[in-house]
Amino acid sequence: MSITPEKEPLLPRIQVENIVKSIKKGERIDGRGLTDYRPIEVILNPIIKASGSSLVKLGGTQVIAGVKLELEEPFPDRPGEGVLQVHAEFVPLASPSFEPGPPDENAIEVARVIDRSLRESKAVKLDALSIEPGKIVWSVYTDIYLVDHQGNIIDTSMLASMLALATSRIPELIKGENGYKVDYTKYVGPLPINTLVATVTMGIYNDIIIVDPLLEEEAVIDSFITIAIDESGRICGIQKRGVKGFSRSILDNAVEIALSKGRELMDLMKKILNNPSEYMKPLVSE
């Protein structure tokens, strides 16, 4: 099982003091401001055989997300809707602390935060994915692979997942005497998307809020909050981590920061999706 310690990595005392000193001065050890994101790089559709995929680098953190559509029965309580499922895996090469095996509770938490953010915002038009209500619908599988862990896994995974979904295509469906068959070599149109969604993850140290914490900063900070925002500026998810609480005023400040930074991430995704050819670079064909 892959294991992700709550405090990773173990830092020398002088480095901890350096990080704390910088945060108190309103600075970061990598030269950023308190609310600045690291540089973001994107490759669209690096996995040719997927319905949609993306690779996102947020500073040194790298995540690949792939989407595949398959035929399944709908949930009994939602017979006229498709199914959306999100899974996350921390690849052992991403960190010395990750081991081979099934996803641990931290990978599961990342998947649930992404899944909840997409569902609550209704990012995917699931009602448009019904083929025969109550019998056959499209199931949209989103698989997240963390391949390099340098902090802030959730925001990197959300960007990768959203871009993979937004560039996904619905494969051709052939109906025969024995039911339906999917032809993954042909596509009939894009996956229907209602809205883009972004998450903004913040660390809180002694009432000081920092955006997009580094791995080293995560080892020092006691509390984290992730806020999901859609294109309309609506909050569609909140996740708090860590043992230390914070005041209502800190929460209000965090919401304001999330709305502002969420708009920045949304603008970036729109820019990428409006010029997809500039971000195409296949990495894997099988």
Side-chain angles (χ1 to χ4, degrees), residues 42-57 62-75 78 80-89 91 103 107 110-119 121-133 135-147 156-176 179-198 230-231 269-270 272-286:
V42 171
I43 297 176
L44 293 180
N45 289 326
I47 306 172
I48 295 175
K49 294 297 180 69
S51 299
S53 62
S54 76
L55 184 152
V56 173
K57 299 179 182 179
Q62 297 188 51
V63 170
I64 294 177
V67 175
K68 186 172 184 180
L69 274 68
E70 295 186 355
L71 296 180
E72 288 190 357
E73 293 183 8
F75 291 127
R78 295 182 180 272
E81 292 186 3
V83 177
L84 175 67
Q85 297 192 44
V86 179
H87 305 277
E89 183 175 339
V91 179
V110 170
R112 286 179 176 173
V113 171
I114 304 302
D115 185 279
R116 188 166 66 244
S117 300
L118 293 170
R119 289 179 188 276
S121 63
K122 294 181 171 55
V124 180
K125 297 180 181 178
L126 296 179
D127 57 352
L129 299 179
S130 176
I131 299 165
E132 290 187 13
K135 295 182 179 180
I136 298 290
V137 299
W138 285 112
S139 185
V140 182
Y141 288 92
T142 304
D143 292 310
I144 298 166
Y145 298 94
L146 172 67
V147 295
T156 316
S157 298
M158 184 74 246
L159 282 170
S161 299
M162 191 69 251
L163 289 170
L165 288 165
T167 55
S168 291
R169 301 161 296 170
I170 299 177
E172 185 173 29
L173 200 58
I174 302 170
K175 187 175 183 179
Y180 291 96
K181 181 180 178 182
V182 181
D183 184 351
Y184 287 104
T185 66
K186 299 178 182 178
Y187 296 91
V188 298
L191 182 70
I193 301 294
N194 277 316
T195 182
L196 299 176
V197 182
D230 70 6
E231 283 187 76
M269 285 192 283
K270 289 178 181 178
I272 292 168
L273 294 170
N274 286 334
N275 302 278
S277 60
E278 296 182 14
Y279 300 89
M280 299 284 190
K281 186 179 178 182
L283 298 180
V284 181
S285 61
E286 296 294 340

Between [atom1] of [X] and [atom2] of [Y], what distance do you get to the nearest 0.5 Å?
X      : Y      : atom1 : atom2 : answer
Met158 : Ile114 : CE    : CD1   : 5.0 Å
Tyr145 : Glu89  : OH    : CD    : 6.0 Å
Asp127 : Arg78  : CG    : CZ    : 10.5 Å
Thr167 : Asn45  : OG1   : CG    : 4.5 Å
Leu159 : Lys57  : CG    : NZ    : 15.0 Å
Ser161 : Ile64  : OG    : CD1   : 12.0 Å

Tell me whether the count of non-hydrogen atoms from other residues, nucleotides or ligands lying under 6.0 Å of [atom1] in [X] goes above 12.
X      : atom1 : answer
Arg119 : CZ    : yes
Glu132 : CD    : yes
Phe75  : CZ    : no

Side chain [X], main chain [Y], donor-acceptor under 3.5 Å:
X      : Y      : result
Thr156 : Gln62  : no
Ser53  : Ile47  : yes
Asp115 : Ala111 : no

Reference residue Val67; test side-chain contact (heavy atoms from CB on, under 4.5 Å); the match among Val86, Val140, Val124: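 Among Val86, Val140, Val124, the one meeting side-chain contact (heavy atoms from CB on, under 4.5 Å) with Val67 is Val140.
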Which atom pair, heavy atoms only, marks the closest approach of [X] to [Y]?
X      : Y      : value
Pro133 : Gly80  : CB-CA, 4.4 Å
Gly52  : Ser168 : CA-OG, 3.4 Å
Val137 : Ser130 : CG1-CA, 3.8 Å
Gln85  : Ser139 : NE2-OG, 4.0 Å
Ala65  : Ala164 : O-CB, 3.7 Å
Lys68  : Ser51  : CA-OG, 3.7 Å

In residues 187-197, what donor-acceptor pairs under 3.5 Å come from side-chain atoms, sequence neighbours left out?
from, atom 1, to, atom 2, distance (Å)
Tyr187, OH, Tyr184, O, 3.2
Asn194, ND2, Lys122, O, 2.9
Thr195, OG1, Glu231, N, 3.2

Sequence neighbours left out, what pairs pass salt bridge (charged side-chain N to carboxylate O under 4.0 Å, His left out) with at least one residue falling in residues 179-196?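 Residue pairs with at least one partner in residues 179-196: there are none.
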Step by step, would you call Val147 with Leu55 a side-chain contact (heavy atoms from CB on, under 4.5 Å)? CA-CA 10 Å; Val147 295; Leu55 184 152; 5.7 Å; no
